[in-house]
Amino acid sequence: MAPARTPANWWRDAVIYEVYIRSFADGNGDGVGDIAGLRRRLPHLARLGVDALWLSPWYPSPMADGGYDVADYRDIDPAFGTLDDAQALVDEAHAHGLRVLIDIVPNHTSSEHAWFREALAGGPSSPARDRYIVRPGRGPSGDLPPNDWSSVFGGPAWTRITEPDGSPGPWYLHLFAPEQPDLDWDNAEVRAEFESILRFWFDRGIDGVRIDVAHGLVKAPGLPDLGSLDAKLLDGVGAGDHPHWDRDEVHEIFQGWRAVADAYGETRAFVAEAWAGTPERLARYVRPDELHTAFNFDYLMAPWRAGHLRRVIDESLTALGAVGAPATWVLSNHDVARHVSRYARPQPEGQQRSLSQLDRSADLELGTRRARAAALLTLALPGGAYLYQGEELGLWEVEDLPEDVLQDPTWERSGHTDRGRDGCRVPLPWSGDCPPFGFSPDATTAAPWLPQPEAWKSLTAEVQDGDPASMLNLYRSALSARRSNPALGDGTLTWESAPDSDVLSFRREPGFRCVVNLSDKPVALPAHSGVLLASGTLDGDRLPSDTAVWLAL
Ligand code: GLC
């Protein structure tokens, strides 16, 4: 039986809903989502039945990377609202029984942050440069970057500084866009500043923090070349092998953060966005004196194949269980193609993250059927889960956004070869027959910042609300059943299907079984005392292909 839920361990099995604030709901009619819009839609989230919200960055930002370029960590961007609005949101969410997590971006600031402006303005000997990673260039005149690192968004990870007198200076590191200079975490002032930022938000009642690029803060001494290592992929990379990802020294920083959180009475929880080479390396971030949870990207990237999913589930539970941490499960977020569209294609043997490597002919009906089954699988697994806004509506990736509306820096930085992540960030459809589908208030003139497909008129929250068979009502039923069923949430599972079967069947105590049919033909349901919930219509006592069921035993 799953351990009892208490306020102190809420994070062990919480279902946390990601709000990508620019695209959730627009309160002031400028076509961009904001805090006012989110406050108005809190009843949707409470009714959905999630436990907490994770808000993407809401700080003042030039938006070179959708707010992940933070200019001031202690304020709110005027496009989203004010600090008072943020406080009102937190208080109202709490009144609805929803906890609130914010996103903290410690690897880099915006190039418009006061620290970076000071570093540039101060000239070559300015101590303000010590907060960033600034190095002389290579070559006789220093006009080659200090090493061979490349940016995650494409192009080199270094940009040369132009000194106040106009002369070319040293280079600064940016593992992401040039507008996102990397901080130097060997600098004591940087460390103290982020602990102070955490307290600033915890003092305002924030229940937890998602840590952006948690695996990137520490770079190897001397900044050695990557050589043959990949700047993005970490598969199989072990201890200390990579010069800028998942270095052992990063853990000491998070032990300090944990101490900050623990000083607040009721549990404040961290979730790490950490990419690591193996499940064991990931588990190091969630050891008892460190962070509470970490996203499970191996699960997100798994194809819709029983064997692959089962292996990821087992490896995750084993590695995390060894350090006493709960697993988390996630299917989509603001950085990857929506899973309806990923599952709508022939499934690859290995991991899948973007759509470009896949067959272009999407069968969205198939993708949706699988997404419904995946929701029941995800919410039945031991631990917590992350939902991405719009997955409860069954939204698909918008693959045909016109090129002139694309905003993700990946599009420019890849030389227009990678369209980037805008297709999963299209504003949500709430109501009505045509854009903006209730995203912005009536009588608004500004269009949503990314255009919504006309076909989303059949996926609005309003349409789905009254349809018992809708994706929205499937999520509501699953979340409510999960909340009231003592077998679900934290705990363990026991497989009942054979390891090489195309059917996943597992038991949870007391008296619960989840069966997912990933084969291409119906299978007989095992003995049960009642069907609690099914992702599709059952065929008598048979479970159709790409369908999942929760059974009482
Ligand atoms: C994380 C965010 C992503 C952002 C990047 C740089 O991966 O999820 O959206 O672009 O960090 O901050």
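Order of appearance sets the numbers: ligands from 1, and atoms from 1 within every ligand. Keep in mind that this is a model prediction, so the values were computed, not measured.
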Could you check whether [X] pairs with [Y] (Lys NZ or Arg NE/NH1/NH2 to Asp/Glu carboxylate O, under 4.0 Å)?
{"X": "Arg131", "Y": "Asp184", "value": "no"}
{"X": "Asp418", "Y": "Arg413", "value": "no"}
{"X": "Arg338", "Y": "Glu391", "value": "no"}

Is a donor from one side chain sitting under 3.5 angstrom from an acceptor on the other, for [X] and [Y]?
{"X": "Arg419", "Y": "Ser414", "value": "no"}
{"X": "Trp10", "Y": "Asp51", "value": "no"}
{"X": "Asp203", "Y": "Tyr264", "value": "yes"}
{"X": "Trp58", "Y": "Asp103", "value": "no"}

Report the part of [X] in contact with ligand 1, treating N, CA, C, O as backbone and CB onward as side chain, heavy atoms under 4.0 Å; options are side chain, backbone, both, neither.
{"X": "Glu18", "value": "neither"}
{"X": "His174", "value": "neither"}
{"X": "Phe153", "value": "side chain"}

Name the closest protein heavy atom to [atom], giving the residue it belongs to and the distance to 0.1 Å.
{"atom": "atom 7 (O) of ligand 1", "result": "Glu273 OE2, 2.7 Å"}
{"atom": "atom 9 (O) of ligand 1", "result": "Asp335 OD1, 2.7 Å"}
{"atom": "atom 5 (C) of ligand 1", "result": "Phe176 CE2, 3.8 Å"}
{"atom": "atom 11 (O) of ligand 1", "result": "Asp212 OD1, 2.8 Å"}

Those atoms of ligand 1 less than 4.0 Å from some heavy atom in [X]:
{"X": "Arg210", "answer": "2 (C), 8 (O)"}
{"X": "His108", "answer": "6 (C), 12 (O)"}
{"X": "Arg425", "answer": "9 (O)"}
{"X": "Arg421", "answer": "3 (C), 4 (C), 9 (O), 10 (O)"}
{"X": "His334", "answer": "2 (C), 3 (C), 8 (O), 9 (O)"}

Quickly, which of Glu18, Arg22, Arg421 forms a side-chain hydrogen bond (donor to acceptor under 3.5 Å, both in side chains) with His334? Name it, please.
-> Glu18
Using heavy-atom distances, let me know which of Asp103, Thr410, Asp65, Asn333 sits nearest atom 6 (C) of ligand 1.
->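 Looking at heavy atoms only, the winner is Asp65.
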Fit a plane to each ring of Tyr299 and Trp329, take the angle between them on a 0 to 90° scale, and name the class: parallel (under 30°), tilted (30 to 60°) or perpendicular (over 60°).
->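 Rings of Tyr299 and Trp329: perpendicular, as their planes differ by over 60°.
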